[in-house]
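The next block holds one structure in the form of structure tokens; read it before the comments.
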Amino acid sequence: MKKLLILLFLIPLLSFNSNQSEISIIGKWQGVDEARELGYMIFDNDGYATIEIEGVVYGGKEFEINGKTGSMTYSINSDIEPVQIDLIMTIMDSINQMNMLFIAKFKDKNTMILASNFNSERPFEFNSDNSITLIRIE
């Protein structure tokens, strides 16, 4: 009887498979914003993020902004729902950093809905004002 109870207790635990741990954002994602501008977000294997809007590139390992050199990295926390994605822009030769905080949910492995308040506060919900759907194209 004791073995049966242990087995009944362990089967649900062993069969638990979290989809969150399988999330990968690596790749090039394409989206169209409400102004109908085509843009891309690229997350690479080395932890760098790049944003391209209308052919202008921001981020990556090294880029120039306002005459200064910077880089943009990302971090992801897929242990909670919705998934949290942070973009961290660092200006070289200084300690200045700017964080843009996102939440994300996935329709499938190549379709992500991304929401941001476009400041240093993470949104709590997805709505038409703060969200964009991105499709992984590479």
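What you see is a predicted model, and the numbers here were worked out from it, not measured in a lab.
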side-chain hydrogen bond (donor to acceptor under 3.5 Å, both in side chains) contacts touching residues 54-77 (sequence neighbours left out):
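Every pair satisfying side-chain hydrogen bond (donor to acceptor under 3.5 Å, both in side chains) with a residue in residues 54-77: there are none.
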What residue pairs, at least two apart or across chains, pass side-chain hydrogen bond (donor to acceptor under 3.5 Å, both in side chains) with a residue in residues 98-116?
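Checked against side-chain hydrogen bond (donor to acceptor under 3.5 Å, both in side chains) - neighbours excluded - the pairs reaching residues 98-116 are Asp108-Thr111, Asn110-Arg136.
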Apply ring pair (Phe, Tyr, Trp, His ring centres under 6.0 Å) to Tyr48 and list each qualifying residue two or more places apart in sequence or on a separate chain.
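Once residues adjacent in sequence are excluded, Tyr48 has no partner under the ring pair (Phe, Tyr, Trp, His ring centres under 6.0 Å) criterion.
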Side chain proximity check, Ile23 to Ile76, heavy atoms < 4.5 angstrom:
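When only atoms from C-beta onward are counted, Ile76 and Ile23 do touch, with a gap below 4.5 Å.
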Are any of the side-chain heavy atoms of Ile88 and Met72 separated by less than 4.5 Å?
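The answer is no, as the side chains (C-beta and beyond) never meet within the 4.5 Å cut-off.
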Nearest 0.5 Å, what's the [atom1]-[atom2] distance between [X] and [Y]?
| X | Y | atom1 | atom2 | answer |
| --- | --- | --- | --- | --- |
| Thr133 | Ile113 | OG1 | CD1 | 4.5 Å |
| Asp93 | Thr90 | CG | OG1 | 12.0 Å |
| Ile65 | Met92 | CD1 | CE | 12.5 Å |
| Met100 | Leu87 | CE | CG | 7.0 Å |

What do you reckon, is CG of Asn127 surrounded by more than 12 foreign heavy atoms closer than 6.0 Å?
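Enclosed: over 12 neighbouring heavy atoms sit under 6.0 Å from CG of Asn127.
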Heavy-atom closest pair, residues Gly59 and Thr50
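Taking every non-hydrogen atom into account, C-OG1, 4.0 Å.
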Please find the pair of heavy atoms, one from Tyr40 and one from Leu38, that lie closest to each other, and give the distance.
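Nearest pair, atom of Tyr40 first, then Leu38: OH-CD2, 3.3 Å.
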When clusters are formed by joining ILVMFWY residues with side-chain heavy atoms under 4.5 Å apart, either directly or through shared neighbours, do Leu101 and Ile51 land in the same one?
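Leu101 and Ile51: separate clusters.
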Same apolar cluster (I L V M F W Y, side chains within < 4.5 Å links), Ile26/Phe106:
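Yes; Phe106 is reachable from Ile26 via cluster members.
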For side chain to side chain contact (heavy atoms under 4.5 Å, CB included), just list the numbers for Ile103 and Arg122, CA-CA rounded to whole Å, side-chain angles, deciding distance to a tenth of an Å, and then say yes or no.
CA-CA 7 Å; Ile103 55 174; Arg122 191 177 313 279; 3.7 Å; yes
Asp44: which residues meet the side-chain hydrogen bond (donor to acceptor under 3.5 Å, both in side chains) condition with it, sequence neighbours left out?
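In terms of side-chain hydrogen bond (donor to acceptor under 3.5 Å, both in side chains), with neighbours along the sequence ignored, Asp44 is linked to no residue.
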So which pairs with a foot in residues 108-134 pass ring pair (Phe, Tyr, Trp, His ring centres under 6.0 Å), sequence neighbours left out?
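Passing the test, one end in residues 108-134: no pairs.
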Sequence neighbours left out, what passes side chain to side chain contact (heavy atoms under 4.5 Å, CB included) with Leu114? Give chain and number order.
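For Leu114, the residues satisfying side chain to side chain contact (heavy atoms under 4.5 Å, CB included) (neighbours in sequence not counted) are Met41, Ile85, Phe102, Ala104, Met112, Ile132, Leu134.
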